[in-house]
There are 2 protein chains.
Amino acid sequence: MASVRQAGGPCQAWPGDGGFVREVLDRIGDKWTVLTISTLSSGSLRYSDLQASVVGISQRMLTQTLKHLERDGLIVRTAYAEVPPRVEYALTDLGRSLVDAVRGMVDWAVAHHGEVAGNRAVSAVRGVGRERGRVG
Amino acid sequence: MASVRQAGGPCQAWPGDGGFVREVLDRIGDKWTVLTISTLSSGSLRYSDLQASVVGISQRMLTQTLKHLERDGLIVRTAYAEVPPRVEYALTDLGRSLVDAVRGMVDWAVAHHGEVAGNRAVSAVRGVGRERGRVG
DNA sequence: CTGTATCCAGTTTGATACTG
DNA sequence: CAGTATCAAACTGGATACAG
């Protein structure tokens, strides 16, 4: 495969991409966002259940992540005027479609994480990224 | 859909996940990583071409990203002992498989970014995340 | 229970300057 | 051309305390 350069300036990373990939990555590439929506993929959950399910998330990050997701229409928040207060979070159709899209990446992770770990170990021994083999 | 809670403690985000998702996300969820491998999906490129193609990336981040990808066996680096120096970066088979996996996410971004942007605009007007509608 | 507000340490990143 | 080195600014995220 030869070196390829799109015409008319800097390459777009993907055909049809107008910068959306970068934008969407800034949002859903965040680990807490992905873990949160994936946790909700099984069904709606309360705030406290989410905090228990998404291992390691702090109150601050959970609240922030939920707000972002709600703002973007990926989840819906339903507050019941009870005592004690109860709030349920659930995926919207849009949110569910994102889960499907992300699933491919997750499958890749599960299938290839061992290979990646192996490469990294070999690279550490061989010093990849520190010494250079020359060709030519 | 009722509230769901996996048995035996905190939910796993995905079936079959042993923490790899979080690990892989920390690596390939990084925007520069994704943009770099996606740029390379069209064919091998030199260092300077990559810097021009991945809009906004700094020299530091490009170098760092390339090293990580090389270490993990996602790309190969080939240095030619010429003058001036020439270095080509290309995806490995593993790297190409990741491109395929990520494509679903990219397609989602392209298909739904407008919807997300619209939701965000509406949320801003309606004050989502600031005032609460009550139910019950 | 469901958040909000604040403080602070650690990490990330861009700019800049320099080297082989 | 293809990096490396260094620094400071910006951002992230956790801990903590407090509120409706």
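Every heavy atom of this structure was used, including side-chain atoms; hydrogens, water molecules and symmetry mates were not. Note on naming: letters A, B, ... go to the chains in the order of the sequence lines (proteins, then strands), and numbering restarts at 1 for each one.
- With sequence neighbours left out, the side chain to side chain contact (heavy atoms under 4.5 Å, CB included) criterion links B:Ala90 to B:Ser44, B:Val76.
- Straight-line distance from the CD atom of B:Gln51 to the P atom of C:dT13: 16 Å, rounded to whole Å.
- The phosphate of D:dG3 (OP1 or OP2) has a side-chain N or O of B:Arg77 nearer than 4.0 angstrom.
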Restricting both atoms to N or O, compile the protein contacts to nucleotides 15-20 of chain C shorter than 3.5 Å, with distance only.
| unit_1 | atom_1 | unit_2 | atom_2 | d |
| --- | --- | --- | --- | --- |
| C:dA17 | N6 | B:Gln59 | OE1 | 3.4 |

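- Sequence order on DNA chain C of the closest nucleotides to A:Arg86 and B:Lys31 puts A:Arg86 first from the 5' end.
- If you measure from atom CD of A:Gln64 to atom C1' of D:dT12, you get 8 Å, rounded to the nearest angstrom.
- Partners of A:Thr65 by side chain to side chain donor-acceptor pair (under 3.5 Å), not counting sequence neighbours: none found.
- One can place OH of A:Tyr80 at 13 Å from P of C:dG3, the figure rounded to the nearest angstrom.
- Atoms CG (A:Leu50) and P (C:dT2) sit 10 Å apart, rounded to a whole Å.
- Taking the screw axis at each terminus of the helix from C:dC1-D:dG20 to C:dG20-D:dC1 from five consecutive base pairs, the angle between the two is 40° to within rounding of 10 degrees.
- Nucleotide C:dT13 holds its C1' atom 13 Å from the NE2 atom of B:His68, rounded to whole Å.
- Atoms CG (B:Asp30) and C1' (D:dC11) sit 14 Å apart, rounded to a whole Å.
- With sequence neighbours excluded, no residue forms a side chain to side chain donor-acceptor pair (under 3.5 Å) with A:Ser48.
- At whole-Å resolution of the value, OH in A:Tyr89 and C1' in C:dT2 are 8 Å apart.
- Set against C:dT4, D:dC1, C:dT13, the side chain of B:Met61 has C:dT13 as its closest nucleotide.
- Of the side-chain N and O atoms in A:Lys67, none sit less than 4.0 angstrom from OP1 or OP2 of C:dT2.
- At D:dA2, none of the side-chain N or O atoms of B:Thr63 fall inside 4.0 Å of OP1 or OP2 (strictly under the cut-off).
- With sequence neighbours excluded, the residues satisfying salt bridge (charged side-chain N to carboxylate O under 4.0 Å, His left out) with A:Arg120 are B:Asp72.
- Residues passing the salt bridge (charged side-chain N to carboxylate O under 4.0 Å, His left out) test with A:Asp100, sequence neighbours excluded: A:Arg103.
- Between A:Tyr89 and A:Val87 there is a side-chain heavy-atom pair separated by less than 4.5 Å.
- When the side chain to side chain donor-acceptor pair (under 3.5 Å) test is applied to B:Arg71, no partner is found at least two apart in sequence or on another chain.
- Between A:Arg46 and C:dT2 there is a side-chain N or O to OP1 or OP2 distance below 4.0 Å.
- For the pair A:Trp108/B:Val102, no side-chain contact is recorded, criterion being any heavy-atom separation below 4.5 Å from C-beta on.
- The side chain to side chain donor-acceptor pair (under 3.5 Å) test applied to A:Glu115 returns A:His112, not counting sequence neighbours.
- Rounded to whole Å, atom C1' of D:dT12 lies 16 Å from atom CG of A:Leu62.
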